[in-house]
A.B. asks: 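Provided herewith is a single structure, encoded as structure tokens, for subsequent inquiry.
In the text below, chain A, chain B and the rest are named by the order of the sequence lines, each starting its count at 1.
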Amino acid sequence: MAYDPSAIESKWQEFWQEHETFRAEIDASKPKYYVLDMFPYPSGDGLHVGHPEGYTATDIMARYKRMRGFNVLHPMGWDAFGLPAEQYAIKTGTHPRITTGNNIANFKRQIQSLGFSYDWSREIDTTDPNYVKWTQWIFRKLHEHGLAYEAEVAVNWCPELGTVLANEEVIDGKSEVGGHPVVRMPMKQWMLKITAYADRLIEDLDELDWPEPIKKMQRDWIGRSEGANVRFGVDSSSSRGEDVEIEVFTTRPDTLFGATYMVLAPEHELVASITTDDQRAAVEEYVERSARRSERDRMADAGSKTGVWTGATASNPTHGESIPVWIADYVLAGYGTGAIMAVPGHDERDWEFAKTFDLPIVEVVAGGDVTEAAHTGPGTATNSGFLDGLETPAAKSKMIEWLESEGLGQGTVTYKLRDWLFSRQRYWGEPFPVVHHEDGRVELIPESELPLTLPELEDFKPSGEGYEPPLARVKEWIETTDAEGRAVLRDANTMPQWAGSCWYFLRFLDPMNDEAPWSEEAEKYWMPVDLYVGGAEHAVLHLLYSRFWHKVFYDLGLVSTKEPFQKLVNQGMILGESFRFYDDNPNDDASTSPTRFPSDAVKETAEGPVLKEDGRAVKARWLQLKDVTLDEDRNAVHPEDASLPLERVVEKMSKSRGNVINPDDVIREHGADSMRLYEMFIGPLEKSAPWSTEGIQGIYRFLQRAYRLFHEGEDEEERFVAPADGAGTDDQRRLTAETVSGVTEDLENMRFNTAISKLMIFARDITKDGAVPRESAETFVLLLAPMAPHLAEELWSLLGHGESLAYEAWPVADESLLVADTVSLVVQHNGKKRGEIEVAADADDAAIEAAALAVENVQKSLGGRDPKKVIVVPGRLVNIVG
RNA sequence: GCCGGGGUGGCGGAACUGGUAGACGCAGUGGCCUUAGGAGCCACCGUCCUCGUGACGUGCAGGUUCGAGUCCUGUCCCCGGUACCA
């Protein structure tokens with residue numbers, strides 16, 4: 001019971017801080033290693049056990065690489081702008097700066113209590129004016145290079161709350177807070193031209209050491225598709241003699257002969273002008289209905305197609321036949337040209353639409369049966385005039401050639417990716433460093449006036465007048481003058497939270513720089529980030545936005561690498577465990593005594609859980625492991641009713657489930673080293689796994705055992721015992737070498753769980769034949785150091801070293817000890833194990849074969865037959881076939 | 001639906017390129033130590049039986065192979081993402 005993590009851990013945390021052990025400086029004589037965590041938003045709830053999982057992994061790598069002679073940059077900071085602090089301000093009047101400051105202090109305390117080796121001198125906070133200054137400086141650069149522009153874009157305006165809401169604050173077309181109606185309103189907004197980088201954002205993924213699924217998600221999000229734009233002339237009878245053309249985008253120009261009708265998005269600008277008088281009422285009703293329908297509604301009946309004929313027809317340019325022009329909400333206004341040519345024979349959606357409205361279906365690609373289903377795959381062109389007989393790829397290019405020569409269209413590339421909506425109607429964000437002139441001109445404010453800071457507010461409630469951001473109310477801030485003394489207005493929008501997180505990894509290189517966002521020297525030395533660890537929820541947006549900015553910086557000569565993050569690892573989620581049952585008191589009525597039901601008596605419905613038996617509404621209840629009773633079969637049952645089985649559920653930690661684990665509690669009880677080790681031990685980093693309150697016991701026992709390798713006696717009698725001099729017995733030397741080799745390989749591959757199990761085996765077996773020899777003891781302490789740094793430092797100092805082990809050289813295994821003189825081989829007959837033999841490591845196949853055939857069981861199994869074949873797998877086994 | 005990940009003991013998980021399935025840990029069982037043990041140490045711990053250097057066993061059904069958790073075909077289930085992208 002002598003191992004006392006709390007004393008050891010605070011001692012070493014103070015030591016590291018006092019000695020600035022982890023301060024990183026540029027040192028050209030050493031290779032660098034930049035290991036980065038996705039910095040957190042410091043929420044009011046504090047750290048949960050999920051955060052430290054990634055942080056522990058990066059810390060182990062940072063400490064390991066230091067011992068391997070790398071100059072390691074390992075910083076931490078705060079992504080501190082964000083909605084929760086502003087919402088809290090609206091509710092309580094507390095300035096977001098105060099809330100943010102408190103939350104940062106709490107996060108920092110918690111993170112530091114885990115003993116991570118961050119260089120705290122580089123701590124940054126995206127809300128700090130010295131940081132905001134450079135975020136605004138970057139916006140100036142983007143604007144100067146034509147990558148920032150203003151456009152009218154719809155926002156979620158909630159008249160009741162008098163504020164603009166983020167998509168995530170809108171649920172089912174109503175505000176998350178209060179359930180008030182939300183309408184889409186156009187508003188002038190800042191946009192960033194990320195689409196200009198679409199191709200490079202796809203291409204450069206190839207060079208990155210990222211998980212394939214993440215790369216794929218990015219490629220799909222950008223959604224490059226090659227095809228053609230084709231112009232269809234609207235028949236003059238329906239366009240009142242005017243020359244009206246509808247341009248469509250298609251990825252299958254080869255199917256143009258099979259276009260039997262066209263569809264416009266209800267929002268398409270030509271809808272009103274081409275609609276004929278007798279169809280006008282129906283079209284207008286449909287347009288209005290689509291506009292009213294929420295995203296959710298549209299999604300709900302994605303299977304069934306709706307639409308209305310506009311009364312107009314257009315001419316299919318290939319054969320000149322008239323085809324009807326419809327409107328339907330399965331065509332999206334925002335993708336391609338907002339209009340399609342419908343080829344029902346070869347597109348599933350068009351096929352369904354044609355079936356619904358009895359439109360003609362023509363086969364133009366052989367290989368399917370278009371009367372049964374759309375044939376969407378490739379095939380030979382048919383019924384297609386000059387394309388007949390061509391395979392799909394050839395038909396595509398021939399059609400594009402024809403369209404271009406006839407002036408009817410051209411080959412083109414379309415992306416799903418849209419430009420990035422970069423303004424928010426919020427207070428707690430970076431103000432835009434621009435002024436608006438009366439004549440509508442926009443001017444950047446001079447660099448010397450940065451940072452442009454937020455005005456102080458007394459009241460953070462939205463103005464409620466018009467759909468204006470809170471800053472619009474602050475007349476004395478909004479109304480200002482330019483250098484020539486003309487009256488101008490500041491921009492009332494602020495930047496999104498992404499702005500700060502798009503470039504923070506560059507500021508870490510040189511956080512105190514007043515002259516530039518970062519110095520060329522620091523950038524050249526430290527970039528790119530060698531290892532970036534964070535949650536998969538940022539797979540697309542954060543990583544895509546930062547890559548975009550980084551490419552802009554690259555083009556401007558501000559950085560030397562095309563990509564910011566060389567290797568990316570997504571950590572899994574730490575899940576919570578709880579035990580579920582139901583009761584028939586869905587309204588939490590305290591006066592009734594509810595009946596409890598097991599999970600298998602309940603089914604989920606759209607309205608919530610109900611009893612299978614009679615459909616009564618019930619409500620789920622959760623119990624924690626410590627509160628449940630285990631019956632004799634070790635099944636969890638309700639503590640007050642042993643006949644009620646409980647369902648074990650493992651899911652995301654959340655307050656409502658009561659399954660949240662607070663790191664402070666874990667550290668108090670078992671120490672930071674146990675917490676670190678446990679998070680690494682429960683499974684591979686990339687995988688999600690449940691936190692188990694018992695499981696950490698095993699880790700704690702292991703650390704105690706490690707401590708006891710160096711101590712004897714109990715309580716007051718306890719004292720340090722120096723290890724025996726020398727290298728110990730052959731077995732001890734071999735075990736030590738094997739541990740070094742195994743742990744090293746595991747750490748290189750970030751397989752922390754198996755590295756820990758190897759250390760456990762060492763601690764269990766090293767004293768099997770005598771006291772721990774000094775060489776093994778020191779090696780073990782060094783191997784333990786990246787993962788359990790506090791205990792390792794303590795033991796290292798007890799072993800008589802005056803300095804921190806943070807920069808000690810990583811142990812090297814004595815290779816000669818890793819090769820055994822004899823090996824034990826499994827002997828199989830027809831693939832079934834029949835015995836084992838011990839042979840010299842360098843025995844030849846003939847000798848091995850003879851030894852294997854001599855095994856009594858093998859002979860018995862062979863039953864006198866001669867073996868047909870003998871397979872010898874060196875170092876593994878012998879398989880006798882016959 | 002589509003895309004991605006995954007199904008191995010009571011539980012978390014090991015098993016590198018096909019080569020002894022279940023390392024390590026939790027929980028459990030037995031023993032030792034002890035005034036006591038919620039400490040520590042040792043042993044056992046997939047299923048079945050005829051208790052053996054026995055049979056079966058990695059979601060399910062097939063296949064390839066001397067040999068399959070690992071490769072192939074089909075199929076079921078779970079988790080995550082996404083939502084008619086022409």
A.B. asks: Which value, in whole Å, describes the distance between the P atoms of nucleotides B:C85 and B:U73?
C.D. replies: 27 Å
A.B. asks: Taking the same atom, C1', in B:A86 and in B:G69, what whole-Å distance lies between them?
C.D. replies: 43 Å
A.B. asks: Between A:Glu348 and A:Ser824, who's closer to the 5' end of RNA chain B by nearest nucleotide?
C.D. replies: A:Glu348
A.B. asks: Check this for me, if you would: do A:Lys758 and A:Glu738 make a salt bridge, where the nitrogen-to-carboxylate-oxygen distance has to be below 4.0 angstrom?
C.D. replies: no
A.B. asks: Measuring from the side chain of A:Tyr330 (C-beta onward, heavy atoms only), which nucleotide among B:C84, B:G19, B:C24 has the closest atom?
C.D. replies: B:C84
A.B. asks: How would you label the contact of A:Ser692 with the nucleic acid (heavy atoms, under 4.0 Å): base, sugar-phosphate, or nothing?
C.D. replies: nothing
A.B. asks: Find the distance A:Tyr700:OH to B:C26:C1' and express it as a whole number of Å.
C.D. replies: 17 Å
A.B. asks: Look at the side chain of A:Gln704 and decide which nucleotide, out of B:C3, B:G40, B:C24, has an atom nearest to it.
C.D. replies: B:G40
A.B. asks: For B:C24, does the base pair up with any side-chain atom of A:Lys758 as donor and acceptor (N or O, under 3.5 Å, distance only)?
C.D. replies: no
A.B. asks: Considering only the C1' atoms, how many Å lie between B:C78 and B:G59, rounded to the nearest integer?
C.D. replies: 10 Å
A.B. asks: Would you kindly give the CZ-to-P distance between A:Arg701 and B:C41, to the nearest whole Å?
C.D. replies: 9 Å
A.B. asks: Please state whether the phosphate of B:C24, meaning OP1 or OP2, lies under 4.0 angstrom from any side-chain nitrogen or oxygen of A:Arg764.
C.D. replies: yes
A.B. asks: Out of B:A23, B:A27, B:G19, which nucleotide sits closest to the side chain of A:Val873?
C.D. replies: B:G19
A.B. asks: Could you tell me the separation between the CH2 atom of A:Trp221 and the P atom of B:C3, rounded to a whole number of Å?
C.D. replies: 18 Å
A.B. asks: Rounding to a whole Å, what distance do you find between A:Asp746:CG and B:A23:C1'?
C.D. replies: 12 Å
A.B. asks: Rounded to whole Å, how long is the line connecting atom CZ of A:Arg705 with atom C1' of B:G25?
C.D. replies: 12 Å
A.B. asks: Output yes when A:Glu352 and A:Arg349 qualify as a salt bridge under the 4.0 Å nitrogen-oxygen rule, no when they do not.
C.D. replies: no
A.B. asks: Any salt bridge between A:Arg751 and A:Glu748, counting N to O under 4.0 Å?
C.D. replies: no
A.B. asks: For B:G10 versus B:C76, give the span between their C1' atoms, rounded off to a whole number of Å.
C.D. replies: 24 Å
A.B. asks: Given B:A86, B:A14, B:C66, identify the nucleotide with an atom nearest to the side chain of A:Thr250.
C.D. replies: B:A86
A.B. asks: Taking only N/O atoms, report every protein-nucleotides 51-53 of chain B pair under 3.5 Å with atom names and distance.
C.D. replies:
{"residue": "B:U53", "atom": "O2", "partner": "A:Asn857", "partner atom": "ND2", "Å": "2.4"}

A.B. asks: What is the distance, rounded to the nearest whole Å, between atom CD of A:Glu679 and atom C1' of B:G12?
C.D. replies: 14 Å
A.B. asks: When rounded to the nearest Å, what value does the distance between C1' atoms of B:U8 and B:G57 take?
C.D. replies: 10 Å
A.B. asks: Just checking A:Gln697: base, sugar-phosphate only, or nothing, at a heavy-atom cut-off of under 4.0 Å?
C.D. replies: nothing
A.B. asks: With rounding to the closest Å, how many angstrom separate the P atoms on B:C42 and B:C33?
C.D. replies: 15 Å
A.B. asks: Where the side chain of A:Ser757 is concerned, which of B:G40, B:A27, B:A23 is the nearest nucleotide?
C.D. replies: B:A23
A.B. asks: Is the phosphate of B:A14, meaning OP1 or OP2, less than 4.0 Å from a side-chain N or O of A:Asn753?
C.D. replies: yes
A.B. asks: Contact class for A:Lys868 vs. all strands (heavy atom < 4.0 Å): base, sugar-phosphate, or nothing?
C.D. replies: nothing
